[in-house]
Novice: 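A single structure is presented below for examination.
Predicted model, so just to flag it, every value in this text is computed and none were measured. In what follows, residues are counted from 1 in the order of the sequence shown.
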Amino acid sequence: MNKIKAISLSLLLGLSFASCEDILNDNMNIDRAHDNTVQQCMPVIVFYASQTVYDHAEYNVFLSQCLTTTGKSQTGSYPYKQGWEFLNVNRHPQWRRHFYDLGKNARTVCNLAGTSNTDLIARTIMLMSTQLTTDTFGEMPMLPECYMEGTGKYGDAHVATTPHYEDQTDVYNWMYREADALIAAFENADRATKGDVPVSTKMDRIYSGDLNKWKGLAYALKARLLLRNIPNVNTTPAMCNQIIETAQKAIDTWRSGDLLYGSWFGNEPRYNYDGGATESNAPWSSAQPKINSWESRDNRLAADAVPSKFFMEACLGVSNPGKEKTQGTWDRSNGFANDPRIMLLMKPENGPISAAISNTAVMYRYLENNIGSGTTFKRTHYPDLYKGAYAGDVDAYNPLFTMEELYFIQAEAYYWLGNKAKACELAKEATQWNIQRHLDFYLWKSGGIYPTDFAAATVVDTDGKAAMWKARFESYVGAFLNNEKTVVEYINDSGKTAKATAKACTEFGNERWFFNAADYTLSDLMMQKYISMYMMPEQWNDMRRYHYSNKRNGYGIGSSNEIVYPSLRRPYNLYAAYWVDGLTDTEKENTWVQRLNYDPQTEDIYNKDEVVRVGAYKDFKWLQKPMIWAEKAGVRTSLTK
């Protein structure tokens with residue numbers, strides 16, 4: 001992992017700077033003078049903070065069964081969207097991103113900066129990256145600055161030829177302590193500032209060095225880490241209240257001072273892209289930037305990505321599900337689905353109505369995971385996924401953490417406290433603003449024109465037409481959130497008052513209302529969080545916490561044995577040797593991917609003994625081993641021991 005040598009890396013982010021190392025055959029000498037400065041390394045760290053969130057999300061949106069592909073391969077270079085045959089993949093970008101692109105540069109900043117402002121920013125980003133990495137791989141090496149309480153030693157990544165993999169409980173122990181230490185440092189009004197480095201927007205494109213805003217991320221990360229206790233480790237009132245209070249600290253912090261993104265989103269951490277050269281393009285955009293070539297994965301949304309049946313039917317409530325001729329078509333009363341976000345996150349395309357009907361129509365098409373599209377349908381017949389706030393254009397943004405997630409964190413804690421009404425209230429507000437997030441971006445790119453009937457050759461060229469589409473969309477939102485017939489008035493081109501009317505959501509699509517406070521369920525909560533976490537890493541983390549609970553595996557959660565993702569199912573055409581052979585039907589339904597194998601091109605070669613020691617070397621059963629927070633409820637009572 002750490003066979004390294006220093007090279008230069010130029011990112012077109014306004015200046016040229018050096019990245020600390022590349023994987024070759026020399027270890028870094030920590031005693032020698034550093035060639036890099038804080039001013040050079042800070043832009044790298046902030047850039048890769050956004051990139052690592054994308055790296056994890058790009059895997060997780062497939063592992064959570066949200067997207068699939070037009071293919072049905074059991075094996076290949078993209079196992080997370082194929083048949084889960086991971087052991088022969090060449091590289092996982094998340095591993096290198098943490099230890100090389102982020103870890104090395106962050107260590108340089110911390111060594112140079114001492115306890116200054118840039119040290120705190122670098123440590124906060126590394127806390128986030130550590131959380132993402134351990135929640136993907138499990139046991140992992142730690143940086144030399146990280147004291148592993150209970151072991152009496154420091155991490156040895158970057159200084160040992162074969163760094164030790166710390167147990168995940170030790171990693172969590174460190175993350176909790178580091179979160180508290182960062183919060184205390186951020187809160188310390190008397191913190192020495194003599195060594196602070198002036199931080200420009202070029203150095204920190206997220207916050208321009210504003211430590212109060214970075215403090216919000218430290219609180220948010222602690223809230224996320226605490227949530228890992230639910231539902232399997234600790235659901236006591238004390239834990240739930242601590243989660244709620246910590247999330248509220250993050251919310252309050254991001255809503256103080258000069259607000260970057262309005263009164264609701266406040267100062268959530270967004271990396272805003274300008275568009276242009278490779279690194280200047282949003283990672284989810286149609287530019288498909290591939291950072292450092294071989295070590296990364298581009299998004300390939302146009303090449304083979306397709307929305308899944310689970311996402312479209314169970315979550316978004318696409319129109320006329322299961323009806324060959326009209327599935328996913330336009331309905332004036334409610335649009336294309338119960339959830340109006342379908343029109344913001346993707347655009348339907350024209351193509352054959354079905355394999356048996358050659359006539360064409362504009363429809364939202366989708367597939368079961370890894371079942372294949374057959375010969376009739378091409379990728380161009382499926383929705384255009386280059387939409388939404390994260391993928392809508394090259395100058396979109398990528399958030400490190402969202403305000404919606406904080407609300408859902410609180411909602412989940414309130415649910416486990418028994419306050420379902422409060423949980424429903426928070427989830428509904430978060431959903432309303434998640435709609436607004438993607439609508440704001442849509443309107444920016446459309447010149448203020450609301451989503452229309454994509455099937456019609458509609459030209460919105462008059463004020464009356466624009467008002468009509470606005471009123472229709474607002475009626476869809478009202479019907480979805482409130483489950484009632486919703487009427488919105490507007491002035492048409494004749495100067496008269498007209499009405500846009502939407503039916504209650506229980507009369508359309510999947511006929512499900514997710515915000516019934518009188519009968520609120522865990523499934524209602526987590527399904528809406530799932531949608532709001534689209535293209536964010538937490539989507540898969542949540543699904544693993546709740547054991548992929550569905551009707552097929554019958555995995556009930558809590559004392560009421562609630563099923564969380566009812567219609568979820570395993571992909572088709574899984575690699576049989578790992579996921580089918582020798583398993584009973586019941587065992588198959590409960591056997592899912594729980595983690596990734598360690599990066600084969602580094603760990604299997606340079607640190608094989610450690611991979612063998614933890615039981616991960618070339619063993620597919622390692623992929624099935626749950627994280628400490630995803631073990632069966634009652635197995636452990638603490639994440640730190």
Side-chain angles (χ1 to χ4, degrees), residues 1-6 19-23 26-32 34 36 38 41-42 44-49 51-52 55-56 92-116 118-182 185 214 217-218 221-222 225 598-599 602-603 606-607 610-611 614 640:
M1 179 195 67
N2 66 333
K3 307 289 185 176
I4 323 192
K5 150 178 173 179
S19 173
C20 293
E21 307 71 54
D22 192 13
I23 290 182
D26 298 323
N27 290 321
M28 179 179 181
N29 181 355
I30 61 172
D31 297 320
R32 71 173 173 80
H34 290 282
N36 304 293
V38 170
C41 286
M42 277 299 295
V44 185
I45 298 169
V46 177
F47 172 79
Y48 280 122
Q51 186 65 29
T52 198
D55 290 331
H56 285 272
H92 296 309
Q94 303 95 317
W95 188 263
R96 176 182 172 87
R97 201 74 70 209
H98 174 74
F99 288 104
Y100 165 65
D101 297 315
L102 280 168
K104 285 294 183 176
N105 287 291
R107 188 162 187 242
T108 298
V109 167
C110 292
N111 287 343
L112 292 173
T115 57
S116 75
T118 51
D119 169 77
L120 295 179
I121 295 169
R123 285 171 58 193
T124 303
I125 289 172
M126 286 309 298
L127 173 62
M128 179 192 75
S129 183
T130 302
Q131 174 263 306
L132 291 170
T133 305
T134 190
D135 286 347
T136 297
F137 296 97
E139 290 83 341
M140 59 181 280
M142 296 294 289
L143 297 178
E145 292 77 18
C146 303
Y147 180 71
M148 309 309 296
E149 191 170 291
T151 69
K153 61 186 180 65
Y154 288 85
D156 60 354
H158 304 164
V159 296
T161 304
T162 56
H164 179 74
Y165 286 10
E166 308 296 344
D167 189 83
Q168 196 173 27
T169 57
D170 292 325
V171 179
Y172 260 79
N173 195 332
W174 176 82
M175 288 193 294
Y176 285 132
R177 289 186 294 107
E178 177 70 351
D180 287 339
L182 283 167
W214 281 109
L217 181 57
L221 290 169
K222 182 179 178 181
L225 290 168
Y598 295 109
D599 192 58
T602 55
E603 301 308 281
Y606 301 118
N607 206 12
E610 273 297 286
V611 181
V614 299
T640 61

Novice: Do any N or O atoms from the side chain of Arg107 and from the backbone of His158 form a donor-acceptor pair under 3.5 angstrom?
Specialist: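 Pair absent, no side-chain N/O of Arg107 close to backbone of His158.
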Novice: Please determine which of His56, Gln131, Gln94 meets the side-chain hydrogen bond (donor to acceptor under 3.5 Å, both in side chains) test together with Thr136.
Specialist: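 Output: one option passes, namely His56.
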Novice: Would you check if Asn607 and Thr602 make a side-chain contact, meaning some heavy-atom pair closer than 4.5 Å?
Specialist: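 Answer no - side chains too far apart.
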Novice: Where the side chain of Asn105 meets the backbone of Asp101, is there a donor-acceptor pair that is under 3.5 Å apart?
Specialist: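 Looks like yes, one N/O pair under 3.5 Å.
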Novice: Quick one: does Trp174's side chain get under 4.5 Å of Leu127's, heavy atoms only?
Specialist: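 Trp174 vs Leu127: side chains touch.
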Novice: What class does the angle between the rings of Phe137 and Trp95 fall in, given that below 30° is parallel, 30 to 60° is tilted and above 60° is perpendicular?
Specialist: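 Perpendicular: the ring planes of Phe137 and Trp95 meet at over 60°.
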Novice: Using atom types as modelled and distance alone, determine if a side-chain donor or acceptor of Tyr165 lies under 3.5 Å from a backbone N or O of Gly138.
Specialist: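 Side chain of Tyr165 to backbone of Gly138: no pair is present.
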Novice: Looking only at atom types and distance, does a side-chain atom of Thr134 sit under 3.5 Å from a main-chain N or O of Thr130, one as donor and one as acceptor?
Specialist: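 Flag not set: sc Thr134 to bb Thr130 has no pair under 3.5 Å.
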Novice: Are Met140 and His98 close enough that some pair of their side-chain heavy atoms sits under 4.5 Å apart?
Specialist: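 SC-SC contact between Met140 and His98 confirmed.
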Novice: About how many Å separate OG1 of Thr124 and CG of Leu221, when rounded to the nearest 0.5 Å?
Specialist: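 Nearest 0.5 Å value for the CG-OG1 distance: 7.5 Å.
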Novice: Could you tell me whether the side chain of Leu120 reaches within less than 4.5 Å of the side chain of Trp214, counting heavy atoms only?
Specialist: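 Sidechains of Leu120 and Trp214: no contact.
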Novice: Check whether any side-chain heavy atom of Tyr598 sits under 4.5 Å from a side-chain heavy atom of Glu139, and report yes or no.
Specialist: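 Touching, per the 4.5 Å side-chain cut-off.
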Novice: Would you compute the distance between atom CG of Asp135 and atom CG of Leu225 and round it to the nearest 0.5 angstrom?
Specialist: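 These two atoms lie 7.5 Å from each other.
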Novice: Nearest 0.5 Å please: distance from the CE atom of Met175 over to the CE atom of Met128.
Specialist: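 Met175 atom CE to Met128 atom CE measures 12.5 Å (nearest 0.5 Å).
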Novice: Return the minimal non-hydrogen interatomic distance between Pro163 and Glu610, and the atom names on each side.
Specialist: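 Pro163 and Glu610 have their closest heavy atoms at O-CG, 3.3 Å.
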Novice: With rounding to the nearest 0.5 angstrom, report the CD to CZ distance, Glu145 to Arg123.
Specialist: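 Interatomic distance, Glu145 CD to Arg123 CZ, rounded to 0.5 Å: 10.0 Å.
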Novice: So, for Ala122 and Val109, which heavy atoms are closest and what is the spacing to 0.1 Å?
Specialist: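 In this case the closest contact between Ala122 and Val109 is CB-CG1, 4.0 Å.
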Novice: Could you measure the distance from the CD1 atom of Ile121 to the CG atom of Leu182? Nearest 0.5 Å is fine.
Specialist: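 Taking CD1 in Ile121 and CG in Leu182, the distance rounds to 11.0 Å.
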Novice: Is a donor on one side and an acceptor on the other found under 3.5 Å between the side chain of Asp599 and the backbone of Arg96?
Specialist: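 Such a contact is absent between Asp599 side chain and Arg96 backbone.
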Novice: Measuring from Asp180:CG to Lys222:NZ, what's the distance to the nearest 0.5 Å?
Specialist: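 Rounded to the nearest 0.5 Å, the CG-NZ separation comes to 4.0 Å.
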